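First comes the structure, then the notes that go with it.
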Amino acid sequence: MSPYDPSAFPPFAVTVDLVVLTVRHHALCALSVRRGEPPFQGRWALPGGFVRADEDLSQAAARELAEETGLRAQSGAHLEQLATYGDPQRDPRMRVVSVAHLVLAPDLPAPRAGGDARSARWAPVDTLLAENGQDHVGDAAPLAFDHGRILADGVERARSKIEYSSLATAFCPPEFTVGELRRVYEAVWGVALDPRNFHRKVTGTVGFLVPTGGTTTRQGGRPAQLFRAGGATLLNPPMLRPEV
């Protein structure tokens, strides 16, 4: 084995950035924080920060989420690594490689800013992505760093995966109606779906949805049957996203 000289390689930092998505007021929303420190002080960004020497990536992601927003990882939340971003110029301070994570959860509360975040908010992803493509200042300025690209990648991951997987149920409470699940699809995709066709597709896959035996009138009208996510992780045939 040849000698290994660590000094022969330039040091760089590792960060975690979080694309946290939930459905609020029938719209797909992302969590963003206003930076309280340079660089990009005052600009909106995704929550995240540097990985400490004594923690792994998932621990760093959970810590940053709690420190910057007051939100804590829930046992029912979906968490997965999204992608790694390593453009040498992505951070003006130094060479920084970011490992982005995607977090999906239902009915998340209002965030509370902390750490080096001056404020935090939920905002519709369409608004954030539209702002990122324009040259504005203040609240409408593009997201800091390359967070616009990271957000776009996270939103596209969520939109594509609900076509064939049970990921959409991560936006729902433990018990939900088919109508509530349909509204998740509509919010994530930004389209209106035919209720009858949707009901037939999601109940046609064995084990995808499991009746709980209960009903609810929380959406108004006649009592609707309650379901929970079943053991099936794939929707077959897939529910293809309508073209818009």
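Please read these numbers as outputs of a predicted model, since none were measured by experiment.
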Quick check: are there more than 12 heavy atoms from other residues, nucleotides or ligands sitting under 6.0 Å from CZ of R93? yes
Does atom CZ of R218 have more than 12 heavy-atom neighbours from other groups under 6.0 Å away?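 Yes.
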Do [X] and [Y] sit in one hydrophobic cluster, given that two such residues count as connected whenever their side-chain heavy atoms are within less than 4.5 Å of each other, even indirectly?
X    : Y    : answer
V99  : L102 : no
V191 : F171 : yes
V16  : F40  : no
F198 : I162 : yes
V19  : V184 : yes

Whether the side chain of [X] engages the backbone of [Y] through a donor-acceptor N/O pair (distance < 3.5 Å, no angle test) should be reported.
X    : Y    : value
H147 : L46  : yes
Q59  : D56  : yes
R35  : P39  : yes
R34  : G42  : yes
R182 : H199 : no
D146 : R149 : no
T22  : A105 : yes
Q41  : G36  : yes
T212 : L226 : yes
R24  : P124 : no

Side-chain heavy atoms of [X] within contact of [Y], under 4.5 Å:
X    : Y    : answer
V14  : L57  : yes
K161 : L104 : no
R43  : P142 : yes
I150 : L82  : yes

[atom1] of [X] to [atom2] of [Y]: how many Å apart, nearest 0.5 Å?
X    : Y    : atom1 : atom2 : result
Y164 : M239 : OH    : CE    : 14.5 Å
F50  : D91  : CZ    : CG    : 5.5 Å
Q225 : T216 : CD    : OG1   : 12.0 Å
L151 : D153 : CG    : CG    : 9.0 Å
W122 : L21  : CH2   : CG    : 7.5 Å

Test side-chain contact (heavy atoms from CB on, under 4.5 Å) applied to R90 and T15, step by step: CA-CA 12 Å; R90 64 179 303 274; T15 61; 4.3 Å; yes
Assess whether salt bridge (charged side-chain N to carboxylate O under 4.0 Å, His left out) is satisfied between R63 and D54, documenting all intermediate values. CA-CA 12 Å; R63 174 181 55 78; D54 61 345; over 6 Å; no
Check against side-chain contact (heavy atoms from CB on, under 4.5 Å), T215 and T217: CA-CA 7 Å; T215 60; T217 58; over 6 Å; no
Could you walk me through whether K201 and L235 pass the side-chain contact (heavy atoms from CB on, under 4.5 Å) check? CA-CA 8 Å; K201 288 181 179 180; L235 189 59; 5.7 Å; no
How would you list, by chain and number, every residue that makes a side-chain hydrogen bond (donor to acceptor under 3.5 Å, both in side chains) with D5, sequence neighbours excluded?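 If we apply the side-chain hydrogen bond (donor to acceptor under 3.5 Å, both in side chains) test to D5, skipping adjacent residues, the hits are S7.
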Is there a side chain to side chain donor-acceptor pair (under 3.5 Å) between Y85 and D17 once you walk through the steps? CA-CA 10 Å; Y85 300 83; D17 288 309; over 6 Å; no
Once you measure the plane-to-plane angle for Y185 and W189, does it fall in the parallel (<30°), tilted (30-60°) or perpendicular (>60°) bin?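 Correct class here is perpendicular.
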Check ring pair (Phe, Tyr, Trp, His ring centres under 6.0 Å) between F227 and all other residues, then give those that pass, not counting sequence neighbours. none
Residues S160, R241; criterion side-chain contact (heavy atoms from CB on, under 4.5 Å); working and verdict: CA-CA 8 Å; S160 62; R241 189 186 339 177; 3.8 Å; yes
Could you pull out the closest heavy-atom pair between [X] and [Y], with the gap in Å?
X    : Y    : answer
L181 : C172 : CD1-SG, 3.8 Å
S32  : P47  : CA-CD, 4.5 Å
A170 : P106 : O-CD, 3.0 Å

